[in-house]
Amino acid sequence: MALRVYNTLTRQKEPFQTVHPGKVGMYVCGPTVYKPSHVGHMVGPVIFDTVKRYLSYLGYQVTFVVNITDIDDKIIAEAARQKRDWKELAESVTADYLENLKQLGVTTIDHFPRATEHIADIQRIIQGLIDKGYAYAVDGDVYFSVPKDEDYGKLCNRDPEQLEAGARIEVSDKKRNPGDFALWKAAKPGEPKWDGPWGPGRPGWHIECSAMSMKLLGPTLDIHGGGLDLQFPHHENELAQSESYSGLPFVRFWMHNGLMKIRSQSRKIRADDAAGDDGLQKMSKSLGNEIVVREVLKKHSPEVLRFLLLSTHYRSPIEYSEERLGELKRGLDSFHRFFERYQRITGESFYQLPAPSRRGAFEPGGTHADFLAEVGRHRDAFLDCMDDDFNTGGAIGALYELLNTLNRFADAHQLESGAPAASAVADFRRGTMVLRELSQILGLFREPPAAPSAGQDRLVAGLVQLLIDLRAEARKAKNFAIADQIRQRLAELNITLEDRPGGTGWRLG
RNA sequence: GGCCCCUUAGCCAAGUGGUAAGGCAGCGGAUUGCAAAUCCGCCAUUCCCCGGUUCGAAUCCGGGAGGGGCCUCCA
């Protein structure tokens with residue numbers, strides 16, 4: 001199957017085609033940096049990081065750009081509130097954002113352009129729009145003239161005439177039409193400003209994305225991504241100004257990810273008796289229900305959070321809850337346990353396994369052809385899901401089936417006990433390599449999970465081993481009362497023992 | 001008022017015309033001295049409701065109910 005991608009512009013899945021064969025320019029709207037990121041801000045980066053991983057796996061050379069909007073009304077307002085320098089605020093929030101991305105394994109972004117570093121590019125586009133008659137300057141402001149753009153509204157199916165009916169549009173007597181939006185805003189006294197042909201001021205909200213994306217990726221992007229809530233007005237306006245400026249199609253594929261939701265306290269109470277009201281709301285600052293990423297990572301591993309974001313199709317809304325995270329951790333743990341098992345069997349770390357970085361054919365062969373053929377079927381299922389508009393939820397299902405196949409093979413061939421056939425271990429390794437290959441596409445299992453602090457403590461490890469040895473003696477002597485007491489008391493300390501063919505192991509949790 | 005989207009088991013979730021993946025939880029079994037881990041089996045005759053198209057629909061069309069997003073800043 002060939003890759004198909006859902007395009008918001010046409011509202012259907014289309015065969016993926018790029019402007020330049022083999023190359024992909026991908027731009028995703030990043031944050032306006034005035035407050036620490038909440039988990040909703042991670043959805044896009046994780047999704048599009050996975051998109052890039054998969055496109056690279058398919059052989060595309062992908063340039064991935066995420067902008068940082070570091071000048072905006074909200075930044076100015078928040079800095080004033082905190083009595084802080086706006087620039088310093090923007091920088092510290094940016095650092096928080098970048099650290100969160102790193103934690104979540106979002107490692108494929110090539111450029112993080114800042115709006116303040118592209119003022120000249122922004123001004124050039126604004127001037128171009130004025131020259132072409134799409135924009136007009138008034139008292140130091142510059143506005144985009146919506147009626148001049150015949151196909152304005154095509155992304156969101158919006159009729160400019162009806163924008164007036166909304167009545168929620170910012171009133172301004174400077175605008176010629178209610179739907180017109182600012183490209184350049186004149187600075188009020190004390191506000192940050194850059195000199196420009198229309199007077200000192202700063203860029204409007206949408207223009208920085210047009211300027212930076214076209215500068216880094218050319219006039220036509222292959223993929224433009226962002227949250228569903230950015231469709232209008234942000235992307236609609238970006239589209240309008242970019243195409244009016246360049247005269248070329250701005251984006252091949254518009255991709256929008258679903259929003260993070262959270263069960264709100266106030267409605268949860270009602271939901272208990274009111275059937276049908278699930279009490280879910282979008283996570284947002286205005287509703288005061290945001291969960292800051294930094295806080296989440298104090299309690300949960302970043303891998304669980306990433307797993308959550310990939311467990312649902314990217315266009316669907318996704319609920320954030322502690323229960324769900326716990327549930328997913330249990331699922332993830334079964335993979336981690338397998339990796340330890342793999343190491344016991346082969347003496348090799350799963351995380352060191354080589355895996356093809358490019359998609360190729362999987363040739364079963366081997367001594368245990370049925371087993372490898374089954375591995376191949378799961379691999380095909382995984383890749384078919386990814387080909388179908390990056391269906392990560394379905395792909396994860398295939399990953400679980402692959403895990404089951406591998407465990408079953410290890411059981412059936414008693415790889416952990418006695419002296420297993422070398423051919424069985426070799427085929428087992430080949431099968432496991434496929435799990436490594438596929439999980440890398442999702443950015444999962446890149447490194448061993450961080451052991452809880454107690455697990456790294458040599459004293460603790462020594463003491464637990466001592467008790468395991470004593471228990472082994474007791475078991476040998478058939479003194480099960482003592483043996484069980486040791487296990488029970490350890491369990492109370494959150495230490496679980498596992499008696500395996502090769503000896504007893506332990507883990508926290 | 002306008003524009004979009006969603007509704008699959010206790011929960012999460014894949015599935016866009018061919019007879020319901022997967023996970024969590026639960027239950028039964030193998031294994032174990034007993035557990036844990038792993039494995040096996042069970043767990044939606046049915047996909048919000050009502051019509052229609054079709055040999056055949058969770059999937060297409062029409063209507064209804066419920067939920068959500070956008071139209072103002074939002075990932």
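Every chain is numbered from 1 and lettered A, B, ... according to where its sequence line falls, protein lines coming before strand lines. Everything numeric in this text was worked out from a predicted model, so none of it was measured.
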ring-ring contact (aromatic ring centres under 6.0 Å, His included) contacts touching residues 384-410 of chain A (sequence neighbours left out): A:F335-A:Y400, A:H368-A:F409, A:F371-A:F409, A:F409-A:H413
By the 4.0 Å heavy-atom rule, please label [X] as base, sugar-phosphate, or nothing.
{"X": "A:L228", "value": "nothing"}
{"X": "A:D484", "value": "base"}
{"X": "A:K478", "value": "nothing"}
{"X": "A:R487", "value": "base"}
{"X": "A:R471", "value": "base"}
{"X": "A:G44", "value": "nothing"}
{"X": "A:T8", "value": "nothing"}
{"X": "A:M42", "value": "nothing"}
{"X": "A:G153", "value": "nothing"}
{"X": "A:R11", "value": "sugar-phosphate"}
{"X": "A:H234", "value": "nothing"}
{"X": "A:N407", "value": "sugar-phosphate"}
{"X": "A:K74", "value": "sugar-phosphate"}
{"X": "A:R341", "value": "sugar-phosphate"}

Any residue meeting ring pair (Phe, Tyr, Trp, His ring centres under 6.0 Å) with A:Y97, in chain and number order, not counting sequence neighbours: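 A:Y97: no ring pair (Phe, Tyr, Trp, His ring centres under 6.0 Å) contacts found.
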Rounded to whole angstrom, note down the [atom1] distance from [N] over to [M].
{"N": "B:U46", "M": "B:A21", "atom1": "C1'", "answer": "16 Å"}
{"N": "B:C43", "M": "B:C48", "atom1": "C1'", "answer": "22 Å"}
{"N": "B:G62", "M": "B:C3", "atom1": "P", "answer": "14 Å"}

Identify which nucleotide among [options] has an atom closest to any side-chain atom of [X], counting heavy atoms from C-beta outward.
{"X": "A:K13", "options": "B:A13, B:A75, B:U16", "answer": "B:U16"}
{"X": "A:N157", "options": "B:A37, B:C4, B:A35", "answer": "B:C4"}
{"X": "A:P233", "options": "B:A75, B:C71, B:C34", "answer": "B:C71"}
{"X": "A:F232", "options": "B:C12, B:C70, B:A75", "answer": "B:C70"}
{"X": "A:L230", "options": "B:A75, B:U38, B:G15", "answer": "B:A75"}
{"X": "A:R408", "options": "B:A37, B:C39, B:C34", "answer": "B:C39"}
{"X": "A:R507", "options": "B:A14, B:A36, B:A75", "answer": "B:A36"}

B:C73 OP1/OP2 closer than 4.0 Å to side-chain N/O of A:K35: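 No, because none of the side-chain N or O atoms of A:K35 sits under 4.0 Å from OP1 or OP2 of B:C73.
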Any strand: nucleotide that pairs with [N] via Watson-Crick or wobble, under 3.5 Å:
{"N": "B:A36", "value": "none"}
{"N": "B:C42", "value": "B:G26"}
{"N": "B:A21", "value": "none"}
{"N": "B:C70", "value": "B:G2"}
{"N": "B:A65", "value": "B:U7"}

Do we see a donor-acceptor contact under 3.5 Å between the side chains of [X] and [Y]?
{"X": "A:S213", "Y": "A:H224", "answer": "no"}
{"X": "A:N100", "Y": "A:S37", "answer": "yes"}
{"X": "A:E322", "Y": "A:H300", "answer": "yes"}

Nucleotide B:A36, atom C1' - distance to CD1 of A:I495 in whole Å: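 So the CD1-C1' distance, A:I495 to B:A36, works out to 14 Å.
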Value in whole Å for how far the C1' atom of B:A75 lies from NE2 of A:H224: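 So the NE2-C1' distance, A:H224 to B:A75, works out to 11 Å.
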Ring centres under 6.0 angstrom apart (A:F48, A:F64):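 Here the rings of A:F64 and A:F48 have centres that are no less than 6.0 Å from each other.
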Pairwise side-chain contact, A:C385 with A:T392, heavy-atom cut-off 4.5 Å (strictly under): no
pair A:R507-A:R337: side-chain heavy atoms closer than 4.5 Å: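 When only atoms from C-beta onward are counted, A:R337 and A:R507 do touch, with a gap below 4.5 Å.
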Any donor-acceptor N/O pair under 3.5 Å between B:G23 base and A:R330 side chain: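 It does not, because no donor-acceptor pair links the side chain of A:R330 to the base of B:G23 below 3.5 Å.
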Distance-only donor-acceptor test (3.5 Å): side chain A:R158, base B:C70: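 Indeed, a donor on one side and an acceptor on the other fall under 3.5 Å apart.
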Criterion ring pair (Phe, Tyr, Trp, His ring centres under 6.0 Å) against A:F338, the qualifying member of A:F445, A:F428, A:F350: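 Among A:F445, A:F428, A:F350, the one meeting ring pair (Phe, Tyr, Trp, His ring centres under 6.0 Å) with A:F338 is A:F428.
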Upstream residue (5' side of RNA chain B) when A:E327 and A:H38 are each assigned their closest nucleotide: A:E327
Most 5' of A:G40 and A:G393 on RNA chain B, judged by nearest nucleotide: A:G393
Exam field: side chain A:N7 to backbone A:W254, donor-acceptor pair closer than 3.5 Å: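 Side chain of A:N7 to backbone of A:W254: a pair is present.
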Stretch residues 395-405 of chain A: residues that reach within less than 4.0 Å of RNA chain B through a heavy atom: A:G397, A:Y400, A:E401, A:N404
